[in-house]
Amino acid sequence: VQLQASGGGSVQPGGTLRLSCTASGFSLGDYAVAWFRRAPGKEREAVSCIDDSDGYSQYFYADSVKGRFTLSRDNAKNTAILEMRSLTPEDTAVYYCAAVPNPGDGSLAQAGTYVYWGQGTLVTVSS
C-alpha cells in the first residue's frame, strides 16, 4: 500500500501546477483523499479534501485556496489531482497527499483522520 505524490516544482506568481497523488495496492477511488501542506515555519494545514464514502461527493477547500485550487479524481489512473492556479508565494510549501478508506466521523480537514500518507512534494512560488 503506497501513495506517491508528484508534480511539485518552481513556478512564478500567477502560475499553475498540477499535483498528482497515485495509489498502489488499493483503489484510491474508494478512499477519501486529502492534500495537506506545511509551509516553512508554519503548522501543517489541510488544503483540499474529497470524500465519496456516503455516495455523494463532499469537498473541503481551505479559505486561502478557494476559487484557485481544484481537487479531482482520475480513477482510471488511480490518482487524485490537485490543480493549483493563480499561485502566490504564500502557497510555497511541501504538499502531502493522504487517504483513508472511510473517514467516519473524522473531520476531513484533520490529519489524524487519514491512515495513508505519501511523501511530500515541494512547491515553490517565487519571482
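All values reported here derive from a predicted model rather than from experimental measurement. Numbering of residues begins at 1 and proceeds along the displayed sequence.
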For F69 and S48, what are the C-alpha separation, side-chain angles and deciding distance, and is it a side-chain contact (heavy atoms from CB on, under 4.5 Å)? CA-CA 8 Å; F69 289 15; S48 182; 5.6 Å; no
Stepwise, does the side-chain contact (heavy atoms from CB on, under 4.5 Å) test hold for T121 with L19? CA-CA 8 Å; T121 185; L19 304 184; 4.1 Å; yes
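Within the 4.5 Å cutoff, no side-chain heavy atoms of R18 are placed close to those of M84. Looking at S126 and P13, their side chains never come closer than 4.5 Å, going by heavy atoms from C-beta outward. Looking only at side-chain heavy atoms (C-beta outward), V11 and T16 stay at 4.5 Å or farther from each other. Considering only heavy atoms from C-beta on, C49 stays 4.5 Å or farther from T113 through its side chain. In this structure the side chain of L108 reaches within 4.5 angstrom of the side chain of P103, judged on heavy atoms. Looking at heavy atoms from C-beta onward, T70 lies out of side-chain contact with L82 at the 4.5 angstrom threshold.
A donor-acceptor pair under 3.5 Å is absent between the side-chain atoms of R38 and the main chain of Y96, judged by distance alone. Of the possible polar contacts, none joining the R73 side chain to the A80 backbone as a donor-acceptor pair under 3.5 Å is found. A side-chain donor-acceptor contact under 3.5 Å links N78 to the backbone of L28. Side-chain atoms of D91 come within 3.5 Å of backbone atoms of T88 as a donor-acceptor pair (strictly under, hydrogens ignored).
Clustering ILVMFWY residues whenever any of their side-chain heavy atoms sit less than 4.5 angstrom apart, transitively, puts V94 in the very cluster that holds Y116.
The heavy-atom pair separating C21 from W35 by the smallest distance is CB-CZ2, 3.5 Å. Nearest heavy atoms, A46 versus A62: O-CB, 3.5 Å. Heavy-atom minimum distance, A5 versus Q119: O-NE2, 2.7 Å. A23 approaches L3 most closely through the heavy-atom pair CB-CD2, 3.8 Å. Listed here is the closest heavy atom pair of S86 and R68: O-NH1, 2.9 Å.
Atom CZ of R85 has more than 12 neighbouring heavy atoms from other residues, nucleotides or ligands inside a 6.0 Å radius.
Each of L122, T124, T92, L17 was compared with S10 under the side chain to side chain contact (heavy atoms under 4.5 Å, CB included) criterion, and only T124 meets it.
Annotation: F26 is in aromatic contact with Y31 [ring centroid separation under 6.0 Å].
In this structure, a donor-acceptor pair under 3.5 Å is present between the side chains of T79 and T22.
Using the six-membered ring where Trp is involved, F36 and W117 have ring planes that are tilted, between 30° and 60° apart.
Taking CD of E45 as the start and OG of S64 as the end, the distance is 5.0 Å to the nearest 0.5 Å.
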